[in-house]
Amino acid sequence: MPRPEAAERPPVQPLSPALDKTVKIGLVLKGLDSILEIVGGILLLFVSPHAIQHIVRGLTAHELSEDPHDAIARYLLHTAGHLTAGTTLFGAIYLLSHGAAKVVLVALVLRGKLWAYPWMIALLVAFIAYQLYRITAVHFSAGLTALTVFDVALVWLTWREYQSKRGRPRAGRAMA
């Protein structure tokens, strides 16, 4: 006998194969981004601000010798010049926690764990809120804006897939 709340819920349309593939590709990209954040966080733990400044000077020297007004190279030098042990530690903790949480949730969602979908959505919404704060109140960044748009799209796709999977009866429930 069907449960009353299940009978009241309107049927959810399953995702199209193309949309389902898009969700998976977006999640894999988010997982790769998470792995890069973890690697970056580990590097920030072990590389001193002075060493980062030295590396940035080496990487930008050729470009600045050709164009002393190169905006990206000058921005990188300026940013590296203002690094402290405290800022690199904050960056490391932020990247490690951000990356680890996302990689775990991405893996769980890709494995079809229904309970992980709302957690993934909540985590992404929290990051979107922080990113919007950074874009509007701190400093506009085209890269961060693009990442925010990607995260918004991924939230919508994940929500659609979650609704679709939640609407399908599970094998154990269908037999009962």
4.5 Å side-chain heavy-atom contact, Ile72 and Glu63: no
field: Gln53 versus Leu83, closest heavy-atom pair with distance
entry: NE2-O, 4.0 Å
- prompt: Is Val23 reachable from Val152 through a run of I, L, V, M, F, W or Y residues, each pair having side-chain heavy atoms under 4.5 Å apart?
  reply: yes
- prompt: Under a single-linkage definition using a 4.5 Å side-chain heavy-atom cutoff for Ile, Leu, Val, Met, Phe, Trp and Tyr, are Trp115 and Val125 assigned to the same hydrophobic cluster?
  reply: yes
message: How long is the straight-line distance from CE of Met120 back to OG1 of Thr158, given to the nearest 0.5 Å?
response: 6.0 Å
Worked verdict on Ile93 versus Leu44 for side-chain contact (heavy atoms from CB on, under 4.5 Å): CA-CA 9 Å; Ile93 292 169; Leu44 283 179; over 6 Å; no
Would you be so kind as to tabulate the donor-acceptor pairs closer than 3.5 Å made by side chains of residues 98-106, with sequence neighbours excluded?
residue	atom	partner	partner atom	Å
His98	ND1	Glu37	OE1	2.5
His98	ND1	Glu37	OE2	2.9
Lys102	NZ	Asp33	OD2	2.7
Lys102	NZ	Glu37	OE1	3.4
Lys102	NZ	Glu37	OE2	3.3

message: I'd like to know if Leu59 and Leu76 are part of one continuous hydrophobic network [Ile/Leu/Val/Met/Phe/Trp/Tyr, side-chain heavy atoms within less than 4.5 Å].
response: no
message: Angle between ring planes, Tyr94 versus Phe90, binned at 30° and 60°: parallel, tilted or perpendicular?
response: parallel
field: Side-chain (Thr22) to main-chain (Ala18) donor-acceptor, under 3.5 angstrom
entry: yes
task: Return the minimal non-hydrogen interatomic distance between Ala92 and Gly41, and the atom names on each side.
output: CB-O, 3.4 Å
task: Say whether Ile135 and Tyr130 are linked into one hydrophobic cluster, either directly or through other cluster members, by side-chain heavy-atom distances under 4.5 angstrom.
output: no
field: Approximate separation, where rounding is to 0.5 Å, of Leu154 CG and Ile25 CD1
entry: 12.0 Å
query: Under 6.0 Å from the CZ atom of Arg57, do we count more than 12 heavy atoms belonging to anything else shown?
result: yes
message: With heavy-atom distances below 4.5 Å as the criterion, would you say the side chains of Leu95 and Ile38 are in contact?
response: no
statement: Scanning both residues in full, the closest heavy-atom pair of Ala51 with Val47 reads CB-CG1, 3.7 Å
query: Looking at OG1 of Thr60 and CD1 of Ile55, how far apart are the two atoms once the value is rounded to the nearest 0.5 Å?
result: 11.5 Å
message: Counting C-beta onward and ignoring hydrogens, is there a side-chain heavy-atom pair between Asp151 and Lys30 closer than 4.5 Å?
response: yes
Leu43/Ile52 under side-chain contact (heavy atoms from CB on, under 4.5 Å): CA gap, chis, key distance, verdict: CA-CA 10 Å; Leu43 286 175; Ile52 293 171; over 6 Å; no
- request: In sequence, state the C-alpha distance, the side-chain angles, and the governing distance for Leu96 and Leu45, and then conclude on side-chain contact (heavy atoms from CB on, under 4.5 Å).
  value: CA-CA 10 Å; Leu96 286 169; Leu45 281 178; 3.6 Å; yes
Point-to-point distance, once rounded to the nearest 0.5 Å, from CG of Leu108 to CG of Leu114: 12.0 Å
task: Go through Leu77 and Leu64 one step at a time and tell me if the side-chain contact (heavy atoms from CB on, under 4.5 Å) criterion holds.
output: CA-CA 10 Å; Leu77 278 174; Leu64 287 173; 3.1 Å; yes
query: Side chains of Trp119 and Val109: does their closest heavy-atom pair fall under 4.5 Å?
result: no
ILVMFWY cluster, Leu132 and Leu124 together (side-chain gap under 4.5 Å): yes
- prompt: Is the shortest side-chain N to carboxylate O distance from Lys24 to Asp20 below 4.0 Å?
  reply: yes
message: Once ring pair (Phe, Tyr, Trp, His ring centres under 6.0 Å) is applied, what residue pairs with a partner in residues 139-160 remain, sequence neighbours excluded?
response: Trp159-Tyr162
